[in-house]
Amino acid sequence: MLVSEITPHELAKYAREDETDQDVISTFTLIFSAVKAYIKGYTGLSDEQLDTKEDISIAVFVLANEMYENRIFTVKDNNVNKVVQSILDMHSINLL
């Protein structure tokens, strides 16, 4: 699945939440925006480039679920899931 194909409904389903509940979908809409912004900032990839890396979709689902469970909309670098960090590091073009 490509990042552009992911919907807030699919994120809610992955989190085992009611994907017909508008409050849940509204929350996942916000989370999805935050996750994409985080991944793009971390990797330096554009929306189009994200779609060329299918494994980034896994990172989107995991990060969105963690943000929902913890009710936070930011990620601190020292608290990133190691699997997500590994996936994002493989595709990072931000070489500072």
Side-chain angles (χ1 to χ4, degrees):
M1 173 177 283
L2 304 177
V3 173
S4 64
E5 296 173 340
I6 297 171
T7 66
H9 293 274
E10 289 170 337
L11 296 174
K13 188 175 180 180
Y14 179 80
R16 296 188 176 127
E17 291 294 330
D18 181 3
E19 69 238 46
T20 63
D21 184 330
Q22 192 54 44
D23 290 335
V24 170
I25 297 307
S26 294
T27 301
F28 275 106
T29 299
L30 291 171
I31 289 172
F32 190 33
S33 294
V35 166
K36 285 196 305 187
Y38 174 77
I39 291 173
K40 289 184 340 186
Y42 189 102
T43 62
L45 299 173
S46 67
D47 285 326
E48 294 79 23
Q49 290 171 314
L50 290 179
D51 274 348
T52 66
K53 319 290 186 199
E54 289 187 24
D55 53 345
I56 289 183
S57 296
I58 295 167
V60 170
F61 279 97
V62 171
L63 281 172
N65 192 51
E66 287 183 0
M67 285 183 179
Y68 183 75
E69 285 180 1
N70 297 316
R71 300 304 195 272
I72 57 171
F73 295 99
T74 60
V75 177
K76 296 181 180 173
D77 288 330
N78 59 346
N79 291 331
V80 176
N81 178 300
K82 295 299 180 192
V83 173
V84 169
Q85 186 175 12
S86 295
I87 291 169
L88 298 182
D89 284 346
M90 285 189 305
H91 303 295
S92 182
I93 59 173
N94 288 336
L95 303 174
L96 298 177

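What you see is a predicted model, and the numbers here were worked out from it, not measured in a lab.
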Worksheet item: How long is the span from the NZ atom in K13 to the CD atom in E19, to the nearest 0.5 Å?
Response: 5.5 Å
Discussion item. Quick test of your reading: applying salt bridge (charged side-chain N to carboxylate O under 4.0 Å, His left out), list the pairs with at least one residue in residues 30-49, sequence neighbours left out, ordered by first then second residue.
Written reply: K40-D47
Worksheet entry | Side-chain heavy atoms of L45 within contact of I39, under 4.5 Å | no
Practice prompt. Taking all heavy atoms of V3 and all of F32, pick out the closest pair and write down the distance.
Written response: O-CZ, 3.8 Å
Discussion item. Can a donor-acceptor pair be found, under 3.5 Å and without considering hydrogens, that links the side chain of T29 to the backbone of P8?
Written reply: no
Discussion item. Please enumerate all residues that pass side chain to side chain donor-acceptor pair (under 3.5 Å) together with Q49, with sequence neighbours excluded.
Written reply: S46
Worksheet, complete the sentence: The side chain to side chain contact (heavy atoms under 4.5 Å, CB included) partners of D55 (sequence neighbours excluded) come to K53, I87, M90, H91
Worksheet item: Hey, does the side chain of E5 reach the backbone of L2 with a donor-acceptor pair shorter than 3.5 angstrom?
Response: yes
Worksheet item: Can you tell me how far OG1 of T27 sits from CG of L11, rounded to the nearest 0.5 angstrom?
Response: 11.5 Å
Worksheet item: Considering all heavy atoms of both residues, which atom of A15 and which atom of N65 are nearest to each other, and what is their separation?
Response: CB-OD1, 3.1 Å
Worksheet entry | Min side-chain heavy-atom separation Y42-D89 under 4.5 Å | yes
Worksheet, complete the sentence: In this structure, CG of L63 is separated from CD1 of I31 (nearest 0.5 Å) by 10.5 Å
Worksheet item: What pairs with S26 under side chain to side chain contact (heavy atoms under 4.5 Å, CB included), at least two apart in sequence or on another chain?
Response: Q22
Worksheet entry | Partner residues of D51 under the side chain to side chain donor-acceptor pair (under 3.5 Å) criterion, sequence neighbours left out | S4
Discussion item. Using the rule that Ile, Leu, Val, Met, Phe, Trp and Tyr join whenever any side-chain heavy atoms are under 4.5 Å apart, tell me whether M67 and V62 fall into a single cluster.
Written reply: yes
Discussion item. Is any side-chain heavy atom of F28 closer than 4.5 Å to one of T7?
Written reply: no
Response to the item:
Between the CD atom in E69 and the CZ atom in R16, the distance rounded to the nearest 0.5 Å is 10.0 Å
Discussion item. Taking I25 as the starting point, is it possible to reach L30 by hopping between hydrophobic residues whose side chains are less than 4.5 Å apart?
Written reply: no
Practice prompt. Could you pull out all residues at least two apart from Y14 that satisfy ring pair (Phe, Tyr, Trp, His ring centres under 6.0 Å)?
Written response: F61
